[in-house]
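Inspection log for the structure reproduced underneath, given as structure tokens.
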Amino acid sequence: RISAGALGLGSQVSMWLGPPDSQNRMTALRSPRDDVAACAESRRRSASAIPAAASQYRQARLAVALSLIELGRLDGAYQTLTSLAAEERSAAVTNAAGIVQLRRGAAPAGATAVALFRRAVDEDPENGDYLFNLGYAHAASGNTDEALTWLREAVRVDAADAEAHLVMSVLLAARGRVTEAQREFE
């Protein structure tokens, strides 16, 4: 999961992309994928117009990478994210790289999703999204015990995290722990 607030994008995104009206003029005539592609292109152009020394430059490049992830252009997103990570360590960048690797399935290059999410959690241990992602990656790789550990941490940070409760419920039910699974599902 990617949270715009956790990435520090908030009002910066609208500054880079222009006012909402200018972003959505042709929305009715395009598919949602076209909107994402247009947004990605707008972010790419905006990022290239920001001087590399400007404080918003990293955030703009991260916004471009996030758009590429949404478009399924995982190689381009990963290349941008690894470039950002090489310049300066950031939990948000590491988490986004983990999402790329998780979506790729078997990572063709670079660190595994689990390793990247673990690094993001180490860098920001109270971020519920990073904790959830680490738990989910463990679940996807078949490591139920670790998945439950990290999903419980996500719930500790945010007791109302419905996705974490749901994934824990599924994992517990698969292990035959029906009572615990029902409790998590409620």
Side-chain angles (χ1 to χ4, degrees), residues 1-10 13 32-33 36 39-40 59 61-85 89-186:
R1 298 184 300 198
I2 302 174
S3 159
L7 298 175
L9 296 175
V13 173
R33 188 160 180 88
V36 173
C39 182
Q59 290 177 322
R61 289 177 54 212
L62 179 56
V64 169
L66 298 179
S67 293
L68 292 172
I69 291 170
E70 288 303 311
L71 287 169
R73 296 180 185 164
L74 302 179
D75 292 339
Y78 195 74
Q79 181 180 17
T80 300
L81 293 166
T82 54
S83 172
L84 284 168
R89 208 168 168 124
S90 160
V93 169
T94 304
N95 181 65
I99 289 169
V100 169
Q101 295 298 64
L102 186 63
R103 289 188 180 180
R104 282 178 167 172
T112 66
V114 168
L116 290 163
F117 290 137
R118 179 58 206 225
R119 190 177 318 145
V121 166
D122 288 344
E123 293 169 5
D124 188 356
E126 294 300 311
N127 186 302
D129 289 333
Y130 303 165
L131 293 163
F132 173 85
N133 288 347
L134 180 55
Y136 187 87
H138 275 295
S141 66
N143 191 343
T144 303
D145 290 334
E146 283 293 312
L148 289 169
T149 296
W150 293 107
L151 292 167
R152 284 187 182 111
E153 279 297 301
V155 168
R156 181 191 60 76
V157 169
D158 179 8
D161 187 336
E163 291 173 326
H165 284 289
L166 178 62
V167 174
M168 282 194 296
S169 178
V170 169
L171 293 173
L172 290 166
R175 286 209 155 168
R177 295 162 58 180
V178 178
T179 303
E180 289 176 81
Q182 288 174 335
R183 191 171 40 240
E184 291 299 334
F185 189 71
E186 295 171 353

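Just so we're clear, the structure is a prediction, and the values are computed from it rather than from any experiment.
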* Could you list the residues that satisfy side-chain hydrogen bond (donor to acceptor under 3.5 Å, both in side chains) with R118, not counting sequence neighbours? => D122

* To do: For the residue pair D129 and N95, confirm or rule out a side-chain donor-acceptor distance under 3.5 Å.
  => no

* To do: List the steps and the verdict of side-chain contact (heavy atoms from CB on, under 4.5 Å) for H138 and V114.
  => CA-CA 6 Å; H138 275 295; V114 168; 3.4 Å; yes

* Asked: So, for G128 and V157, which heavy atoms are closest and what is the spacing to 0.1 Å?
  -> N-CG1, 3.9 Å

* Taking only residues two or more places apart in sequence or in another chain, which ones pass side-chain contact (heavy atoms from CB on, under 4.5 Å) with V167? -> F132, Y136, L151, L171

* To do: Check for a donor-acceptor pair, side chain of H165 on one end and backbone N or O of A159 on the other, with a separation under 3.5 Å.
  => yes

* Asked: Any donor and acceptor pair, going by atom type alone, linking the side chain of S83 with main-chain N or O of Q79 inside 3.5 Å?
  -> no

* Asked: Where is the tightest heavy-atom contact between A111 and R119, given as atom of each residue plus distance?
  -> CB-NH2, 4.5 Å

* So how far is it from T94 OG1 to N133 CG, rounded to the nearest 0.5 Å? -> 12.0 Å

* To do: State which residues pass side-chain contact (heavy atoms from CB on, under 4.5 Å) with R177; sequence neighbours excluded, sorted by chain then number.
  => L148, R152, L172, R175, E180

* Sub-3.5 Å donor-acceptor pair from the side chain of S141 to the main-chain atoms of A137, do we have one? -> yes

* Which residues satisfy the side-chain hydrogen bond (donor to acceptor under 3.5 Å, both in side chains) test with T144, sequence neighbours excluded? -> none

* To do: First locate atom CD of E70, then atom CD1 of I99, and finally report the distance between them rounded to the nearest 0.5 Å.
  => 8.5 Å

* Asked: Taking all atoms of both residues into account, what is the closest heavy-atom pair of L62 and A92, and its distance?
  -> CD2-CB, 4.2 Å

* **Minimum heavy-atom distance A65-A77, with the two atoms named** => O-CB, 3.6 Å

* Structure fact -> Heavy-atom nearest pair, T80 first then R61, reads CG2-O, 3.6 Å

* Sequence-distant partners of E126, side-chain hydrogen bond (donor to acceptor under 3.5 Å, both in side chains), two or more places apart -> R156

* Interatomic distance, Q59 atom CD to L84 atom CG [nearest 0.5 angstrom] -> 11.0 Å

* Report the residue from T82, L116, L81 that forms a side-chain contact (heavy atoms from CB on, under 4.5 Å) with V93. => L81

* Evaluate the side-chain contact (heavy atoms from CB on, under 4.5 Å) criterion for residues L68 and V64: first the C-alpha distance (whole Å), next the side-chain angles of each, then the deciding distance (0.1 Å), finally the verdict. => CA-CA 6 Å; L68 292 172; V64 169; 4.2 Å; yes

* Structure fact -> On a heavy-atom basis, the closest approach of A173 and A181 is N-CB, 3.5 Å

* Are any non-hydrogen side-chain atoms of F185 and V170 less than 4.5 angstrom apart? -> no

* R103 side-chain N/O to I69 backbone N/O, donor-acceptor pair under 3.5 Å -> yes

* Structure fact -> Contacts of E146 meeting salt bridge (charged side-chain N to carboxylate O under 4.0 Å, His left out) (sequence neighbours excluded), chain-then-number -> none

